[in-house]
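Residue numbers run from 1 in the order of the sequence given.
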Amino acid sequence: MEKLSNDGFWAISGALVGAFVGSFCGLLASLYLDLKRESNVKSAFYTEAEFLSGIMGTFLVAVVSEYKKSKIDLAKNESFSGPLEIDFSVLDTLFLELYKTKNIPSSDHRQFMLNLSSQWKRICKMDVGRVEKIPNTSIYQVSPVKSKEIVFFLVDLLYHFNLLVEKKKSLSSSTKTNFKLRHSQCFQSTKLIILTWLKKSLKKRHIGK
(Lines give C-alpha, C1' and ligand atoms only; values in the text may rest on other atoms or scores of the structure.)
Protein backbone atom coordinates (compact mmCIF):
# COMPACT_ATOMS: atom_id res chain seq x y z
CA MET A 1 0.00 0.00 0.00
CA GLU A 2 2.84 2.37 0.90
CA LYS A 3 4.53 1.60 -2.42
CA LEU A 4 1.37 2.39 -4.34
CA SER A 5 1.03 5.62 -2.40
CA ASN A 6 4.59 6.65 -3.25
CA ASP A 7 4.09 5.74 -6.89
CA GLY A 8 0.97 7.84 -6.97
CA PHE A 9 2.76 10.76 -5.35
CA TRP A 10 5.60 10.70 -7.85
CA ALA A 11 3.19 10.30 -10.76
CA ILE A 12 1.21 13.35 -9.66
CA SER A 13 4.40 15.30 -8.97
CA GLY A 14 5.79 14.41 -12.38
CA ALA A 15 2.57 15.47 -14.05
CA LEU A 16 2.57 18.80 -12.21
CA VAL A 17 6.23 19.45 -13.02
CA GLY A 18 5.64 18.51 -16.65
CA ALA A 19 2.63 20.81 -16.85
CA PHE A 20 4.61 23.66 -15.27
CA VAL A 21 7.59 23.17 -17.58
CA GLY A 22 5.29 22.97 -20.58
CA SER A 23 3.45 26.15 -19.59
CA PHE A 24 6.71 27.97 -18.87
CA CYS A 25 8.21 26.97 -22.22
CA GLY A 26 4.98 28.02 -23.93
CA LEU A 27 5.15 31.38 -22.18
CA LEU A 28 8.75 31.89 -23.27
CA ALA A 29 7.88 30.97 -26.85
CA SER A 30 4.94 33.40 -26.79
CA LEU A 31 7.10 36.20 -25.41
CA TYR A 32 9.77 35.53 -28.03
CA LEU A 33 7.23 35.65 -30.85
CA ASP A 34 5.74 38.88 -29.47
CA LEU A 35 9.17 40.50 -29.24
CA LYS A 36 10.06 39.34 -32.74
CA ARG A 37 6.79 40.65 -34.16
CA GLU A 38 7.23 43.94 -32.31
CA SER A 39 10.73 44.33 -33.72
CA ASN A 40 9.55 43.47 -37.25
CA VAL A 41 6.65 45.93 -37.13
CA LYS A 42 8.84 48.73 -35.80
CA SER A 43 11.53 48.07 -38.40
CA ALA A 44 8.99 47.88 -41.22
CA PHE A 45 7.37 51.16 -40.16
CA TYR A 46 10.59 53.17 -40.16
CA THR A 47 11.80 51.50 -43.35
CA GLU A 48 8.58 52.50 -45.10
CA ALA A 49 8.84 56.03 -43.71
CA GLU A 50 12.41 56.31 -45.00
CA PHE A 51 11.32 55.01 -48.41
CA LEU A 52 8.54 57.58 -48.73
CA SER A 53 10.74 60.44 -47.56
CA GLY A 54 13.22 59.38 -50.24
CA ILE A 55 10.53 59.78 -52.91
CA MET A 56 9.73 63.26 -51.62
CA GLY A 57 13.41 64.14 -51.42
CA THR A 58 13.94 63.12 -55.04
CA PHE A 59 11.14 65.44 -56.12
CA LEU A 60 12.65 68.28 -54.09
CA VAL A 61 16.00 67.82 -55.82
CA ALA A 62 14.24 67.90 -59.20
CA VAL A 63 12.33 71.10 -58.35
CA VAL A 64 15.54 72.88 -57.30
CA SER A 65 17.39 71.68 -60.41
CA GLU A 66 14.61 72.84 -62.75
CA TYR A 67 14.36 76.17 -60.93
CA LYS A 68 18.04 76.78 -61.59
CA LYS A 69 17.60 75.95 -65.30
CA SER A 70 14.68 78.39 -65.59
CA LYS A 71 13.74 76.95 -68.99
CA ILE A 72 13.48 73.37 -70.24
CA ASP A 73 13.82 72.56 -73.92
CA LEU A 74 12.32 69.23 -74.96
CA ALA A 75 14.07 69.53 -78.34
CA LYS A 76 17.35 69.13 -76.46
CA ASN A 77 16.09 65.98 -74.75
CA GLU A 78 15.59 67.86 -71.50
CA SER A 79 12.73 66.90 -69.22
CA PHE A 80 10.96 68.02 -66.08
CA SER A 81 9.50 66.17 -63.12
CA GLY A 82 6.26 66.05 -61.21
CA PRO A 83 5.29 64.73 -57.78
CA LEU A 84 4.47 61.02 -57.72
CA GLU A 85 1.17 59.77 -56.37
CA ILE A 86 2.11 58.21 -53.04
CA ASP A 87 0.15 55.46 -51.34
CA PHE A 88 0.34 55.99 -47.57
CA SER A 89 -1.83 52.96 -46.70
CA VAL A 90 1.14 50.72 -45.81
CA LEU A 91 2.63 53.33 -43.50
CA ASP A 92 -0.77 53.99 -41.90
CA THR A 93 -1.35 50.26 -41.29
CA LEU A 94 2.09 49.78 -39.73
CA PHE A 95 1.52 52.87 -37.60
CA LEU A 96 -1.67 51.38 -36.16
CA GLU A 97 0.14 48.09 -35.54
CA LEU A 98 2.60 49.94 -33.31
CA TYR A 99 -0.25 50.51 -30.86
CA LYS A 100 -0.34 46.75 -30.28
CA THR A 101 3.27 46.81 -29.06
CA LYS A 102 5.08 48.63 -26.28
CA ASN A 103 6.34 51.11 -28.90
CA ILE A 104 3.22 53.25 -28.61
CA PRO A 105 3.54 56.31 -30.86
CA SER A 106 3.86 59.71 -29.24
CA SER A 107 1.43 62.59 -29.77
CA ASP A 108 4.02 64.07 -32.16
CA HIS A 109 3.93 60.93 -34.28
CA ARG A 110 0.14 60.93 -34.26
CA GLN A 111 -0.13 64.56 -35.37
CA PHE A 112 2.43 64.08 -38.12
CA MET A 113 0.73 60.96 -39.47
CA LEU A 114 -2.68 62.66 -39.51
CA ASN A 115 -1.36 65.53 -41.62
CA LEU A 116 1.09 63.66 -43.86
CA SER A 117 -1.24 62.63 -46.69
CA SER A 118 -3.01 65.99 -46.88
CA GLN A 119 0.29 67.88 -46.91
CA TRP A 120 1.60 65.82 -49.80
CA LYS A 121 -1.67 66.42 -51.71
CA ARG A 122 -1.21 70.12 -51.08
CA ILE A 123 2.29 69.97 -52.57
CA CYS A 124 0.92 68.15 -55.62
CA LYS A 125 -1.62 70.94 -56.13
CA MET A 126 1.09 73.56 -55.73
CA ASP A 127 3.02 71.91 -58.56
CA VAL A 128 0.21 72.62 -61.05
CA GLY A 129 1.42 75.42 -63.33
CA ARG A 130 5.00 75.28 -62.06
CA VAL A 131 6.18 74.37 -65.57
CA GLU A 132 4.28 75.95 -68.47
CA LYS A 133 4.82 75.53 -72.21
CA ILE A 134 5.81 78.61 -74.18
CA PRO A 135 3.42 78.77 -77.17
CA ASN A 136 4.75 77.61 -80.56
CA THR A 137 8.01 76.35 -79.08
CA SER A 138 9.43 73.19 -77.53
CA ILE A 139 10.46 75.20 -74.47
CA TYR A 140 8.84 75.12 -71.05
CA GLN A 141 9.14 78.01 -68.60
CA VAL A 142 9.71 77.19 -64.91
CA SER A 143 7.85 79.43 -62.47
CA PRO A 144 10.29 80.72 -59.83
CA VAL A 145 7.45 81.67 -57.47
CA LYS A 146 5.82 78.24 -57.48
CA SER A 147 9.21 76.55 -57.25
CA LYS A 148 10.12 78.51 -54.12
CA GLU A 149 6.75 77.77 -52.53
CA ILE A 150 7.20 74.05 -53.07
CA VAL A 151 10.80 74.07 -51.82
CA PHE A 152 10.05 75.89 -48.58
CA PHE A 153 6.98 73.76 -47.88
CA LEU A 154 8.66 70.48 -48.80
CA VAL A 155 11.80 71.19 -46.79
CA ASP A 156 9.65 71.63 -43.70
CA LEU A 157 7.82 68.35 -44.38
CA LEU A 158 11.06 66.44 -45.00
CA TYR A 159 12.61 67.95 -41.89
CA HIS A 160 9.91 66.38 -39.73
CA PHE A 161 10.07 63.17 -41.74
CA ASN A 162 13.78 63.07 -40.95
CA LEU A 163 13.02 63.50 -37.25
CA LEU A 164 10.57 60.61 -37.48
CA VAL A 165 13.11 58.29 -39.11
CA GLU A 166 16.22 59.34 -37.20
CA LYS A 167 14.97 60.10 -33.68
CA LYS A 168 12.05 57.64 -33.67
CA LYS A 169 10.84 58.99 -30.31
CA SER A 170 9.85 62.60 -30.76
CA LEU A 171 9.24 64.91 -33.69
CA SER A 172 9.83 67.97 -31.56
CA SER A 173 13.17 69.61 -32.11
CA SER A 174 15.10 70.53 -28.98
CA THR A 175 15.89 73.95 -30.45
CA LYS A 176 14.17 76.30 -32.84
CA THR A 177 15.48 75.86 -36.35
CA ASN A 178 15.39 78.22 -39.29
CA PHE A 179 14.92 77.19 -42.92
CA LYS A 180 18.63 76.89 -43.73
CA LEU A 181 19.26 74.62 -40.75
CA ARG A 182 16.27 72.45 -41.61
CA HIS A 183 17.46 72.23 -45.19
CA SER A 184 20.92 71.15 -44.03
CA GLN A 185 19.46 68.41 -41.88
CA CYS A 186 17.19 67.19 -44.69
CA PHE A 187 20.06 66.72 -47.10
CA GLN A 188 22.81 65.66 -44.74
CA SER A 189 22.45 62.04 -45.79
CA THR A 190 22.44 62.78 -49.53
CA LYS A 191 25.09 65.54 -49.32
CA LEU A 192 23.09 67.78 -51.65
CA ILE A 193 24.50 71.30 -51.91
CA ILE A 194 22.18 74.13 -52.96
CA LEU A 195 23.35 76.78 -50.49
CA THR A 196 23.94 79.32 -53.27
CA TRP A 197 20.31 79.10 -54.33
CA LEU A 198 19.18 79.34 -50.71
CA LYS A 199 21.26 82.43 -49.99
CA LYS A 200 19.89 84.25 -53.05
CA SER A 201 16.33 83.19 -52.29
CA LEU A 202 16.48 84.13 -48.60
CA LYS A 203 18.12 87.46 -49.48
CA LYS A 204 15.30 88.32 -51.89
CA ARG A 205 12.70 87.41 -49.26
CA HIS A 206 14.45 89.64 -46.73
CA ILE A 207 14.59 92.58 -49.17
CA GLY A 208 10.94 92.13 -50.03
CA LYS A 209 9.83 92.51 -46.39
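Residues L114 and Y99 fall into different hydrophobic clusters, defined by Ile, Leu, Val, Met, Phe, Trp and Tyr side chains chained together at heavy-atom separations under 4.5 Å. The same ILVMFWY cluster, assembled from side-chain heavy atoms under 4.5 Å apart, contains both F51 and V41. Note: the hydrophobic cluster containing V145 does not contain F152 (ILVMFWY, side chain heavy atoms under 4.5 Å, direct or indirect links).
Between N162 atom CG and E50 atom CD the span is 9.5 Å, to the nearest 0.5 Å. With rounding to the nearest 0.5 angstrom, the CG atom of L157 is 5.5 Å from the CZ atom of F112. Atoms CD1 and CG, from I55 and L60 in turn, are 14.0 Å apart once rounded to the nearest 0.5 Å. With values rounded to the nearest 0.5 angstrom, N77 atom CG is found 13.0 Å from I72 atom CD1. Atoms CZ and CZ, from F153 and R122 in turn, are 4.0 Å apart once rounded to the nearest 0.5 Å. One finds the CG atom of D92 at 8.5 Å from the CZ atom of F95 (value rounded to the nearest 0.5 Å).
Between I134 and Y140 the shortest side-chain heavy-atom distance does not fall below 4.5 Å. A heavy-atom distance below 4.5 Å is found between the side chains of L116 and F88. Contact annotation: the side chain of S81 approaches that of E66 to within less than 4.5 Å [non-hydrogen atoms, C-beta and beyond]. Counting heavy atoms from C-beta outward, S138 and D73 have side chains that approach closer than 4.5 Å.
Using cut-offs of 30° and 60° on the angle between ring planes, the pair Y46 and H109 is perpendicular. Aromatic ring orientation, W120 versus F59: perpendicular (interplanar angle above 60°, classes split at 30° and 60°).
For the pair P83 and D127, the tightest heavy-atom approach, listed with the atom from each and the gap, is CD-OD2, 3.1 Å. Between A49 and F161, the shortest heavy-atom distance links the atoms O-CE2, 3.3 Å. Closest heavy-atom contact between S89 and D87: OG-OD1, 2.8 Å. Nearest heavy atom pair, residue V142 against residue S147, reads CG1-OG, 3.5 Å.
Tested against S117, the residues K121, Q119, M113 include a single side-chain contact (heavy atoms from CB on, under 4.5 Å) partner, K121. Partner of M56 under the side-chain contact (heavy atoms from CB on, under 4.5 Å) criterion, chosen from V61, L84, L154: L154.
At distances below 3.5 Å, not a single donor-acceptor pair connects side-chain atoms of Q141 with backbone N or O atoms of V131. Checking side-chain atoms of S43 against main-chain N and O of N40 turns up no donor-acceptor pair under 3.5 Å.
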Note to self: Test side-chain contact (heavy atoms from CB on, under 4.5 Å) on L98 and F45; report intermediate values, then the result.
What the structure shows: CA-CA 8 Å; L98 286 176; F45 174 76; 3.8 Å; yes
Next item on the list: Dump the intermediate steps for salt bridge (charged side-chain N to carboxylate O under 4.0 Å, His left out) on K69 and E78, then the final yes or no.
Entry: CA-CA 10 Å; K69 287 182 179 179; E78 296 178 346; 5.1 Å; no
